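Notes for the one structure printed next.
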Amino acid sequence: MNKTKTVVLNKKLKLKIFSSFMLLTILLAAAGTVSILEFRKLSSVVNDIINDNYKSIEASKRMVEALERIDSGVLLLTLGEWIEGRKTIEYGDSLFLNAFHYAKNNITEDQEVTTIKSIELSYRNFQEKFNKPIVGTDREGNIAWYKENTHKWFLVVKRDVNQLMTINQSNMYVEAYQLRDKSTRAMMPGIVSIIAALIFSLLLNYFVSKYFISPLVELSTSIEDFRPGDIRLKCDIKSDDELKRLEDSINGLIQNITKYNR
Amino acid sequence: MRKEVILKHLGYVLFINGVFLLVSFLIAFMLNESSSTAFFFSSLICLVFGIFPFIFVEKIEGLSFEEGLAIVVYGWITTCLVGMLPYLMWGGEFSFINAWFESVSGFTTTGSTILNDIEGLPKSILFYRSATHWIGGIGIILFVLLILPQSKGQKMAIYNLEISSLSKMNFRFKAKKIVRVLALVYVSLTLLETVILMMFGMNFFDAINHSFATIATGGFSTKNMSIAYFNNVGIEIVIMVFMVLSGIHFGLIFGTIMWNKQNIFKSSIVRAFVIVLISGILIVTLNLYFEGYYSLWESLRYASFQVISLGTTTGFATVDTAHWPMLAIIVLIYFTIQCAMAGSTSGGLKFDRIFLFFKFLKRQLQLIKHPHGVFKVTVDGNRIDEKLELQTLSFIVIYITTFFITTIVLASLNIDLMTAFSASIATIGNVGPGFENVSSLGNFASIPVVGKFVLTLNMLLGRLEIFNVIALFMVKY
């Protein structure tokens, strides 16, 4: 019976200290985990900006460059420069299709779907115009034909490509703006847990001082103040733990010695 | 004063906050919102610090008045501090001072906001904002529930603090019963309003949030346009009814339901409160109609809602009052200063004090006429003693002095006089909206940082009743 009581009592101080440190550990572990998760989200946003938006913007830029090459190639053909014109158009066409293919496979926003379809359609119309024979036909030297047919479609495709670029630039801006909040979210658990740990330490210091140190000081003072003839220590520890047990043991010892001396 | 006792009770406060934060986290988690980690971590902090004192502090016997005072004042400040954590961690419009402002405004049931775009917030944050009102309102009941069973000799200590000594007048139940009565009335009114609002077409989320804010006489809405968003007369009438009920002493409402002697029909203060509200509505209605602002029906509709909203310290709006005629604005300013009844969840000056003030004034006039006469001041047969008279009058003086000081501080920050004055009275009265730049459909975003901080002090003083805060700092440790 006595043994069981001893085990329970022995656990009290140990349990208090262990529980306190467990709470602190939970707090810090959670702060660490939350920070890691938030930083992962942050890196995923950066990744999204690079992969989803930046690459589409680059593809759009390449498409615009390709369209300008094709347009100047058509102009060269109109002027009768067949070899130079065909070469420029072929290079521009291949550059455009390559960039368009990339943009088509990198759709991340709903708005992009309609814009890509629009680019595809307008470029097909543009292709129909610039693939027609020009040199040696009545189109050669016909600037009015160039302006009303191929150049018109060049402007339509360019407008659609620019729209694709604007969509991605806007999204990139929104995502970059959100980075500020996301970085705050990643940082805050760290900052809050530093402050929380500080307050926790102060509280722990107060509780240790109040419930461990003060009773010990009280006990040691009462032992020092003990005079022959006293039947017990002049202290009264309120807690129900090992320190109370120590006080009771000393009082028991005093009573045993008193009995023995009689 | 035993610090460990205060710490243990602050632990209770933090634990309750932690539970509400956990509910908000679950909402955020289920809806996959960006605020989930903010709520998770804030909840954990509250739960850890809530549990911590229980490891060391064992059973507490008795509770002194000073300890009760410290628990309430520090409890409110701690709640506001931890309440700003989810806002701060989520970011957006919530800078440090904005998070503090929103948190204090929520827990003190003021309802002033710094947000420009409320509808852009995640639903979990909207829920938490409204929940802060509800926690603040039920704070009265919870403190009493947890503390009173342990207090010896000072059974009414916390109760007196929270719902002011005036409320005792109409309320003669024993303390433990009061706790159950208030909790039951509070929860029932919230559920009832939610159901009725849903019957009038509001979805569950909006209904529960607006119920939280109404019953706590808060004022946070889930919409940028507040109640004006719904443009539904039925919803407005339901909210008006519940605003009036929430502005009345909760014990009297319970007494009415149970058909007790102490009920709202027999209380002269309730009668006066309702008469003043009706008079205010009539004046504003006629002023709006004859000034050509609205038709007679619209004037009555808008005037009723705005007068009741400010007169009960709720702060919801169905129209922007900033451009209303001066007479209407003056009437609304009066209601902002007057506040609702003691024993309700409203803060500020409280109607009971105004009521007593006029009783004292009447007696004073009688004394001028009959210098040697003996005139007693009574309310429903209860004689008002001189101590309460002195307390009431000095409270009115210190209340007016405080909002004048705040007005001067705000005006010195280059804020126009109407904004400064109305912001001061709206925050110390825990009402919410003021006029000009902080009008009913506006917000406090444009107030400088120092101004926002001063206004949060106002809210706390209004909630905790100025004397209690002063008394705490005069207590010798």
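Only a predicted model underlies this, so the values are computations on that prediction, with no experimental measurement involved. Chain letters run A, B, ... following the sequence lines, proteins first, then strands; residues in each count from 1.
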Minimal heavy-atom distance between Ala196(A) and Phe49(B), with the atoms involved, is O-CZ, 3.2 Å
Are Tyr206(A) and Phe56(B) near enough that their ring centres are under 6.0 Å apart?
no
Just checking Phe54(B): does its CZ atom have more than 12 heavy atoms from other residues, nucleotides or ligands closer to it than 6.0 angstrom?
yes
What part of Leu203(A) gets closer than 4.5 Å to chain B, counting heavy atoms only: side chain, backbone, both or neither?
both
Does Asp110(A) have more than 12 heavy atoms from other residues, nucleotides or ligands lying within 6.0 Å of its CG?
no
Would you give the length of the straight line joining atom CE of Met188(A) to atom CH2 of Trp90(B), rounded to the nearest 0.5 angstrom?
14.0 Å
Ile55(B) CD1 to Tyr211(A) OH distance, which is reported to the nearest 0.5 Å
12.5 Å
Between Phe52(B) and Phe200(A), how do the two ring planes meet: parallel, tilted or perpendicular, split at 30° and 60°?
parallel
Where does Leu24(A) contact chain B at under 4.5 Å (heavy atoms): side chain, backbone, both or neither?
neither
Around atom OH of Tyr229(B), are there more than 12 heavy atoms of other residues, nucleotides or ligands at under 6.0 Å?
no
Check whether Phe18(A) gets within reach of chain B through its side chain, its backbone, both or neither, counting any heavy atom under 4.5 Å.
neither
For Phe29(B), does the CZ atom sit with more than 12 other heavy atoms under 6.0 Å from it, leaving out its own atoms?
no
Report yes if some heavy atom in the side chain of Ser35(B) is under 4.5 Å from a heavy atom in the side chain of Arg185(A); otherwise report no.
no
Is it the backbone or the side chain of Ala31(A) that comes under 4.5 Å from a heavy atom of chain B, or both, or neither?
both
Just how far is it from atom CD1 of Ile26(A) to atom CG of Leu47(B), taken to the nearest 0.5 Å?
10.0 Å
Glu38(A) side, atom CD; Met89(B) side, atom CE - distance, nearest 0.5 Å:
8.0 Å
So, taking the atom named NZ in Lys41(A) and the one named OG1 in Thr37(B), what distance separates them when rounded to the nearest 0.5 Å?
4.5 Å
How close do Ala30(A) and Phe40(B) get, heavy atom to heavy atom, and via which atoms?
CB-CE2, 4.3 Å
Quick one: closest heavy-atom pair of Leu44(B) and Leu27(A), and the distance?
CD2-CA, 4.2 Å
Output for pair (Met22(A) CE, Ile51(B) CD1), nearest 0.5 Å, gives 11.5 Å
For Tyr54(A), does the OH atom sit with more than 12 other heavy atoms under 6.0 Å from it, leaving out its own atoms?
no
